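Reviewing the structure listed below.
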Number of protein chains: 2
Amino acid sequence: MHLPMQMKAMVLTGHGGLDKLEYRDVPVPALADGDVLIKVAACGVNNTDINTRTGWYAPSVKTALTEEIGLRGVSAEAQDLGSWDRASLQFPRIQGADATGTIVEVGPNVPRSRIGERVITDPCIRDARLPPLSQGILYFGSEYDGGYAEYTKIPSGNAVKITSTLSDEDLASFACSYSTGEEMLVRVNLQAGETLLITGASGGVGSALVQLAKRRGARVIAVGGKSKEQSIRALGADDFIPRERGDLFEAVTEIVGLREIDAVADVTGGPTFSQMLRVLRRAGRYVSAGAIAGPCPEIDLRDLIYKDLQMWGVGNPQASTFAALVGYIERGEIKPLVARTFALSELREAHTEFVSKKHVGKIVIKI
Amino acid sequence: MHLPMQMKAMVLTGHGGLDKLEYRDVPVPALADGDVLIKVAACGVNNTDINTRTGWYAPSVKTALTEEIGLRGVSAEAQDLGSWDRASLQFPRIQGADATGTIVEVGPNVPRSRIGERVITDPCIRDARLPPLSQGILYFGSEYDGGYAEYTKIPSGNAVKITSTLSDEDLASFACSYSTGEEMLVRVNLQAGETLLITGASGGVGSALVQLAKRRGARVIAVGGKSKEQSIRALGADDFIPRERGDLFEAVTEIVGLREIDAVADVTGGPTFSQMLRVLRRAGRYVSAGAIAGPCPEIDLRDLIYKDLQMWGVGNPQASTFAALVGYIERGEIKPLVARTFALSELREAHTEFVSKKHVGKIVIKI
């Protein structure tokens with residue numbers, strides 16, 4: 001196949017506001033040993049794109065990721081250490097964790113028979129020297145160029161073949177959010193019949209969690225914006241608590257009684273965090289994969305200690321989790337939830353829509 | 001054997017200061033099905049005695065357990081919900097988790113052959129209906145009368161036979177602190193060659209942790225009061241950081257480099273808590289069994305999430321952990337560390353000495 005030398009890409013030129021996103025021509029990536037080249041058809045938008053662009057990951061930032069920060073970025077001083085790894089990213093950078101497309105070329109030591117495969121990208125590029133639960137050292141679209149481009153390269157093992165009648169946009173809605181959500185349930189080992197509290201249930205990971213927890217046969221109590229109750233219940237949530245209510249402890253206790261929650265899957269953090277630990281039963285489990293409502297809440301260590309709680313953070317889903325997810329998609333056990341699509345050149349508009357938080361599910365870029 | 005009807009006991013009459021402890025005559029406990037009666041020879045003093053007496057467990061209390069609170073109790077308003085279970089204790093109550101002594105009588109369904117056994121008490125009275133990691137529902141000396149008395153009763157399974165040449169006072173120094181410390185290492189699955197950071201290393205659980213971690217072949221970095229460096233190093237700590245230094249992140253990084261700590265065993269909480277998460281490597285483990293330096297610190301959830309950390313609280317050690325501990329004691333693999341002994345009638349003086357935090361190891365009551 002004849003490949004072009006240049007391609008269109010949305011390039012992030014530094015930490016900051018929407019103006020740091022530039023639509024321009026860049027070279028098609030060169031393949032190294034073990035890489036594949038994907039012609040991208042669609043790529044999902046995730047919180048991590050916004051967190052990285054704005055510099056919100058910097059430890060000096062203690063505030064929620066507001067719409068204002070989402071549009072303009074955190075203060076210039078805070079941007080020095082603005083990546084999740086607490087080290088500065090290299091710019092320019094192409095973001096986008098959720099590429100879907102077709103393999104059009106392979107690097108050395110990859111069978112040419114892969115050319116033509118329809119794939120989705122497992123965004124966690126693992127380093128086997130790291131501890132098993134944390135093998136990602138590079139995240140696709142973060143420390144490594146991602147899918148907001150006509151072509152992208154990734155290690156062959158991270159381009160996972162998928163057989164599905166779903167559209168490209170649908171397939172591009174799964175990788176980052178659903179693998180994160182499923183990994184959260186793997187860490188807390190969620191069982192059928194258990195009761196799970198899910199925060200931020202209308203967002204990408206939250207809406208995935210509702211589906212994935214119901215798939216396991218759990219009872220789901222979902223927290224989300226009042227206006228989204230109907231959409232969240234339609235995903236399968238058994239009970240709904242409007243975020244606007246504020247007193248999460250009281251609301252949960254009204255539904256299930258005192259300290260009867262088996263596990264909490266949290267993607268918001270923020271002021272109600274301490275109540276998430278209070279509602280848990282003894283030996284309850286808490287897992288988080290995001291804290292955009294406030295990354296630095298107060299923790300009452302006496303809840304952790306005297307109820308023998310267990311807590312996990314999920315930054316890096318395991319390869320086995322991603323493989324399981326592909327099976328769920330192929331067997332139709334989970335459904336895509338695409339709120340809206342944009343063209344690659346419209347990524348600023350997509351970010352604007354994303355941070356306004358009016359949608360339920362995923363925003364996807366069609367390329 | 002002829003047993004008296006009355007005995008001397010130190011009775012806690014309510015939440016508050018030292019004046020809530022009264023030395024008086026009370027009935028010898030009546031045995032129910034499955035109980036044994038122990039003639040107490042010695043009983044260790046633990047933080048939980050102070051936490052309960054003062055009312056510090058109440059969620060409305062956010063401050064460190066200072067010497068002032070230790071002597072006078074928390075404010076009257078805060079004492080309403082002053083137990084670790086967030087429900088009021090029943091008074092009068094006999095405290096004391098660490099009884100050592102001899103079985104002198106047995107209740108129905110306990111073999112009479114147990115009479116005469118030298119025992120130590122496993123303080124966690126378990127309810128098999130609870131989740132495995134949290135089976136204690138009553139803690140000996142807390143929701144259930146304990147060992148600050150001439151006689152005490154406990155379920156037969158919690159009176160564990162021990163064969164040892166150690167003195168009664170020495171044996172009374174182990175049960176609560178060392179089972180808590182060992183359970184912390186069980187939860188984080190500490191391996192030989194790993195590096196463990198231990199806070200509050202001169203206290204009961206802290207000094208136990210140093211010995212128990214060295215027993216597993218780990219490298220120990222201990223944090224404690226500057227004046228206690230020599231004692232803590234004598235227990236086996238490989239490195240020592242004076243608590244007075246404050247900047248724990250910098251101090252740890254000087255010793256092992258950036259993010260190289262495998263696990264943290266924390267018994268203090270307080271202002272340096274967030275730095276304990278910062279020093280952990282990816283997929284690092286944090287476990288806590290106490291937070292007297294401040295129960296409600298700030299947590300940066302981004303450390304939890306983006307390093308895939310795991311956290312545990314330990315309130316209720318498992319029966320298997322206690323059984324293992326008895327083996328360590330019988331085989332001389334850990335040593336008792338009795339700082340000072342007091343008579344039962346001197347428990348107020350013992351509490352005064354305890355909260356002044358000048359000792360290393362355990363304070364024990366000889367009965």
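All values below come from the heavy atoms of this structure, side chains included, with hydrogens, waters and symmetry mates left out. Only a predicted model underlies this, so the values are computations on that prediction, with no experimental measurement involved. All chains are named by letter (A, B, ...) in the order of the sequence lines, taking the proteins before the strands, and each is independently numbered beginning at 1.
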Quiz item: Would Met311(B) and Trp312(A) satisfy side chain to side chain contact (heavy atoms under 4.5 Å, CB included), going step by step from the backbone distance to the final call?
Solution: CA-CA 6 Å; Met311(B) 298 173 68; Trp312(A) 289 267; over 6 Å; no

To the closest 0.5 Å, what do you measure between [atom1] ([X]) and [atom2] ([Y])?
| X | Y | atom1 | atom2 | answer |
| --- | --- | --- | --- | --- |
| Ile305(B) | Asn316(A) | CD1 | CG | 11.5 Å |
| Ile292(B) | Arg302(A) | CD1 | CZ | 12.5 Å |
| Ile299(A) | Ser274(B) | CD1 | OG | 11.5 Å |
| Arg187(A) | Asp308(B) | CZ | CG | 4.5 Å |
| Leu309(A) | Ser288(B) | CG | OG | 11.0 Å |
| Arg281(A) | Ser134(B) | CZ | OG | 8.5 Å |

Self-check item: Proximity breakdown for Arg285(A) and chain B, heavy-atom pairs closer than 4.5 Å
Solution: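 No part of Arg285(A) comes within 4.5 Å of chain B.
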
Quiz prompt | Winner by heavy-atom pair count (cut-off under 4.5 Å) against chain B, out of Pro295(A), Pro132(A), Gly315(A) | solution = Pro295(A)

Quiz item: For chain B, which of Pro297(A), Ala291(A), Gly284(A) has the most heavy-atom pairs under 4.5 Å?
Solution: Pro297(A)

Practice problem: Mind running side chain to side chain contact (heavy atoms under 4.5 Å, CB included) on Thr48(A) and Tyr306(B) for me, showing each step along the way? | Solution: CA-CA 11 Å; Thr48(A) 187; Tyr306(B) 302 111; 6.0 Å; no

Exercise. Please tell me if the side chains of Tyr286(A) and Leu304(B) come closer than 4.5 Å, counting only heavy atoms from C-beta onward.
Key: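 Touching, per the 4.5 Å side-chain cut-off.
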
Quiz item: Going by heavy atoms in the side chains, are Cys296(B) and Leu301(A) under 4.5 Å from each other?
Solution: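 Not in contact.
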
Self-check item: Which atoms of Leu133(B) approach chain A - backbone, side chain, both or neither, heavy atom under 4.5 Å
Solution: both

Practice problem: Give the intermediate values and the outcome of side chain to side chain contact (heavy atoms under 4.5 Å, CB included) for residues Gln310(A) and Gln310(B). | Solution: CA-CA 7 Å; Gln310(A) 304 166 74; Gln310(B) 305 167 75; over 6 Å; no

